[in-house]
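Read the structure below first, then the notes.
Computed from a predicted model, the values in this text were never measured in an experiment.
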Amino acid sequence: MTSLDLTTTLNAAKRNERLAQWTRVLCILFFFSGFPALIYQLTWQRQLFLIFGVNIESVTIVVTAFMLGLGIGSLAGGWLSKRRGIPPLPLLAAIELMTGAFGVVSLTIFDKVTDWTIGLSLPATAAASLALVIVPTLLMGATLPVLVSHLVRRSGNIGSAVGLLYYVNTLGAGAACLACAVLLFPFLGMSGSIYVA
């Protein structure tokens, strides 16, 4: 092996090690991105049940609103991630900050909408709940494609990037479910849980 081959091999190894370290950091951050997303979903779902009551219609409307927002947000995030002029990590940071900013004021907004929707028909109430959660769920849905785009640009491997990020984000969401049931809701209530998120 020549010195040029050895230098090339060492440079490739260093590049791979830096990529692996950066990927671990992003995975930790994306784990913690899944955590508040699920806290928001569970808290907002409870708040929306105050508007509708808990019945099959209200559960269907709330879950549909969340899934619609996440799905459209994922499409929007995919579209944004293909734009070469938009750096993915600052975009991801902006999305997370906007989601957090909405989260801080969300329960106040939900309370005001609850007062306005009393006595409205089910379709009008469904439209109001969709309007409440569509923006933050669009933002939450956009995070995975934006971060995948960043990792694919660095590693060139889309399959492992999608699988790994989806795994750690879902793990964070699962941890949030446990934390909400055991700690947050019993000890901090809904507003305290939102501030934790």
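Applying the side chain to side chain contact (heavy atoms under 4.5 Å, CB included) test to S129 and every residue at least two apart in sequence or in another chain returns L48, F52, I61. Under the side chain to side chain contact (heavy atoms under 4.5 Å, CB included) criterion, S33 pairs with F30, E96, N169, not counting sequence neighbours. With sequence neighbours excluded, the residues forming a side chain to side chain contact (heavy atoms under 4.5 Å, CB included) with W79 are R83, listed by chain and number. For L26, the side chain to side chain contact (heavy atoms under 4.5 Å, CB included) criterion is met by W22, L89, L147, H150, L151, not counting sequence neighbours. For S81, the side chain to side chain donor-acceptor pair (under 3.5 Å) test picks out no residue, with sequence neighbours left out. By the salt bridge (charged side-chain N to carboxylate O under 4.0 Å, His left out) test, R24 pairs with E17, sequence neighbours left out.
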Enumerate, atom names and distances included, each donor-acceptor pair closer than 3.5 Å involving a side-chain atom of residues 171-184, sequence neighbours excluded.
none

List the atom pairs, with distances to 0.1 Å, where a side-chain N or O of residues 135-143 and a protein N or O form a donor-acceptor pair under 3.5 Å, not counting sequence neighbours.
unit_1, atom_1, unit_2, atom_2, d
T137, OG1, V133, O, 2.6
T137, OG1, I134, O, 3.2
T143, OG1, M140, O, 2.8

Ignoring hydrogens and angles, write down the donor-acceptor pairs under 3.5 Å from the side chains of residues 64-71, residues two or more places apart or on other chains.
unit_1, atom_1, unit_2, atom_2, d
T64, OG1, T60, O, 2.6

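A distance of 4.5 Å separates CD1 in I194 from CG in L107, rounded to the nearest 0.5 Å. Note that the CG atom of L188 and the CD1 atom of I39 stand 9.5 Å from one another [nearest 0.5 Å]. The distance from atom OG1 of T43 to atom CD of Q47, rounded to the nearest 0.5 Å, is 9.0 Å.
When the shell of 6.0 Å around CZ of F102 is examined, it contains more than 12 heavy atoms from other residues, nucleotides or ligands. Applying the 6.0 Å contact sphere to CZ of F49 captures more than 12 heavy atoms from other residues, nucleotides or ligands.
Listed by first then second residue, pairs satisfying side chain to side chain donor-acceptor pair (under 3.5 Å) with a partner in residues 66-75 number zero, not counting sequence neighbours. Identified under the salt bridge (Lys or Arg N to Asp or Glu O under 4.0 Å) test for residues 103-129, with sequence neighbours left out: none. Residues in residues 179-191 take part in no side chain to side chain donor-acceptor pair (under 3.5 Å) pair, two or more places apart or across chains.
A128 approaches T117 most closely through the heavy-atom pair CB-CG2, 3.7 Å.
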